[in-house]
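As the structure lists them, so they are numbered: ligands from 1, and atoms in each ligand from 1. None of these values were measured; they are calculated from a predicted model.
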Amino acid sequence: MYDNLLANVPTDLYIGGKWRKSSDNQRFDVIDPATEKKVASVASATPEDAIAAVDAAHAAFEGWAAKKPRERGEILRKAFELIIRDAERLAKLITVENGKALSDSRAEVAYAAEFFRWNAEEAVRNLGQMSRAPSSGARIVVQHKPIGVAVLVTPWNFPAAMATRKIGPALAAGCPVVLKPASDTPLTMLALMPILEEAGVPGGVVNVIPSRSSGKVVSAMLHDPRVRIVSFTGSTEVGRKLLHEAADNVVKPAMELGGNAPFIVFEDADLDAAIEGAMIAKMRNMGEACTSANRFYVHEKVHDEFAKKLTAKMSALKMGNGLDEGVTLGPLVNEDGRQKVMSLVEDAVKKGAKVLTGGKRPDGPGFFYPATVLTDVPDTAAMLRDEIFGPVASIQTFTSEDEVIRRANDTEYGLVAYLYTKDLSRGMRVSEKLDFGMIGLNRGLVSDPAAPFGGMKQSGIGREGAHEGLMEFLETQYVSVNW
Ligand code: NAP
């Protein structure tokens, strides 16, 4: 069933521009979440392989950093074009290893490619600054240098986009990278490597090392003094561990971590627009997104209508194998993910939540879970504190602006919040009081390569995308000049 799709996808480690087995010959299986069948077996890097990848990256650093920014930009631009050329093949591959519906995978490929186009343009905007020191009169010349070898660690929920969101700015800045993809979804990144080669990325500039021993492999690299930045996207729990590891060699951390997004619907909202936004904010990627709406706060005056309309939309989704056209809800990525969603729903229902649709695990193979809407979710429900990471909308009511701001902010996370109101002055007033790095004001989607993506509080450190994304991979150097 997958032969044509998988025939040319490499499954070994990519180090120094060459494909190689792991040093202990270990491999691990990649599973299709829709069928629970093995689709490939991939080499599993050891810590020694990881250091070989750092060697290769370090060897490539000087040459890559010395390339003219325009040359680096043109390679990235070419990579953008080649991904668009191969978009359908890549989208199907994402669906096979991640499970998401093909429409979601196509959107991800387009989004992933954009990080190369955007950073092709950013590569030539590494601007410095010059001023005159107020007292000494010396010139203060500020310039930015590539930080050095970058270790990139990515999650399974966007196997292409979370990688290109890091590789794009790193390469634009002049940094070589070693990327460790998630074990559930290593194939997409491996399939991107021949594309990057064709675009002209020299050997050693991008190295890819899937591994089942993530902790040991990443730790080995963070303790190699040539590594100067770790850019991680994943759970807050693993992010904390990496911050500890990075401290030993004072490696710069760039952290995109978990979220617990509130979605606030005021009584004056355009309800149809709010429902449309809710479906995107909740159901993009089957709810397996850090930006996924986790807590719906709906004003008591419009709660019933909102819940009814959302239930109608959610129950109209078509669940099935994401490769089949017309399917809008694929399986979750693995059984652990499904178990987590199921136990959060059971907990909420036990404590008094009402199920308006879904809530029951289907029989048969595949890690499927239906689109589910819960109302009357009590404050004690675990799903209001933990990321659900699945197709479950939990709705509560509120009565006043101050109350909903307080409840929305009552979380250790601060990635994104959504709010719907026709009153833009209220929209901006509430936005300013919400402690979240991103706000969707009358919008259910905030991700954009041209915007600074990232969280406050325990949702992260630093930003990806926009000009900030490039700056993460640059060091500031100031030269005090007399002339
Ligand atoms: P995860 O378990 O934290 O894993 C993320 C990556 O870290 C994977 O490559 C994983 O490898 C690796 N890893 C796991 N344990 C490690 C360790 N001890 N040391 C070094 N690396 C380790 O997260 P996930 O389940 O893949 O992704 C879901 C999480 O990502 C959610 O919390 C979501 O909110 C967050 N996320 C955040 C953003 C954002 O931009 N803020 C975007 C997308 C996702 P293995 O796969 O081999 O375990």
Might you check, step by step, whether the distance between atom 40 (O) of ligand 1 and some protein heavy atom is under 4.0 Å?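 Yes; the ligand atom in question has protein heavy-atom contact below 4.0 Å.
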
Option among Val298, Ile395, Val265 that satisfies the side-chain contact (heavy atoms from CB on, under 4.5 Å) test with Leu310: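 Of Val298, Ile395, Val265, side-chain contact (heavy atoms from CB on, under 4.5 Å) with Leu310 is met by Ile395 alone.
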
Hey, which of Val404, Leu419, Ile405 is the one that makes side-chain contact (heavy atoms from CB on, under 4.5 Å) with Tyr297?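 Only match with Tyr297 under side-chain contact (heavy atoms from CB on, under 4.5 Å): Val404.
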
Sub-4.0 Å heavy-atom approach of [X] to ligand 1:
{"X": "Phe232", "value": "yes"}
{"X": "Glu464", "value": "no"}
{"X": "Gly239", "value": "no"}

State the atoms of ligand 1, each with its element, that fall below the 4.0 Å cut-off from a heavy-atom position in Leu242.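 So the answer, numbered in order with elements, is 19 (N), 20 (C).
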
Looking at Ser183, which atoms of ligand 1 are within less than 4.0 Å of one of its heavy atoms?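 Per the distance check, 45 (P), 46 (O), 47 (O).
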
Heavy-atom pairs closer than 4.0 Å: do any link ligand 1 to the side chain of [X], the backbone, both, or neither?
{"X": "Arg165", "answer": "side chain"}
{"X": "Phe158", "answer": "neither"}
{"X": "Thr154", "answer": "backbone"}
{"X": "Val153", "answer": "side chain"}
{"X": "Arg212", "answer": "neither"}

May I ask you to say whether Lys37 pairs ionically with Asp29, meaning some side-chain N is under 4.0 Å from a carboxylate O?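 Judged by the 4.0 Å cut-off on N to carboxylate O distance, Lys37 and Asp29 do not form a salt bridge.
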
Output yes when Lys21 and Asp12 qualify as a salt bridge under the 4.0 Å nitrogen-oxygen rule, no when they do not.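 Between Asp12 and Lys21 there is a salt bridge, with a charged N closer than 4.0 Å to a carboxylate O.
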
Closest by any non-hydrogen atom to atom 29 (C) of ligand 1: pick that one out of Pro159, Ser235, Pro181.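 Among Pro159, Ser235, Pro181, the closest heavy atom to atom 29 (C) of ligand 1 belongs to Ser235.
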
Do Lys100 and Phe158 meet the cation-pi criteria used here (NZ or CZ under 6.0 Å from the six-membered ring centre, within 45° of the axis)?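 Yes, Lys100 lies over the aromatic ring of Phe158.
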
Partners of Asp55 by side chain to side chain contact (heavy atoms under 4.5 Å, CB included), sequence neighbours excluded?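 Expected list: Ile51, Arg226.
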
Side-chain donor-acceptor contact under 3.5 Å, Ser235 with Glu237: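 The criterion, which ignores hydrogens and geometry beyond distance, is not satisfied for Glu237 and Ser235.
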
Does Glu387 reach ligand 1 with a nitrogen or oxygen that is under 3.5 Å from one of the ligand's nitrogen or oxygen atoms?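 Yes: some nitrogen or oxygen of Glu387 is under 3.5 Å from one in ligand 1.
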
Close aromatic pair by centroid cut-off 6.0 Å: Phe80 and Phe116: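 Not close enough - the centres of the two rings lie 6.0 Å or further apart.
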
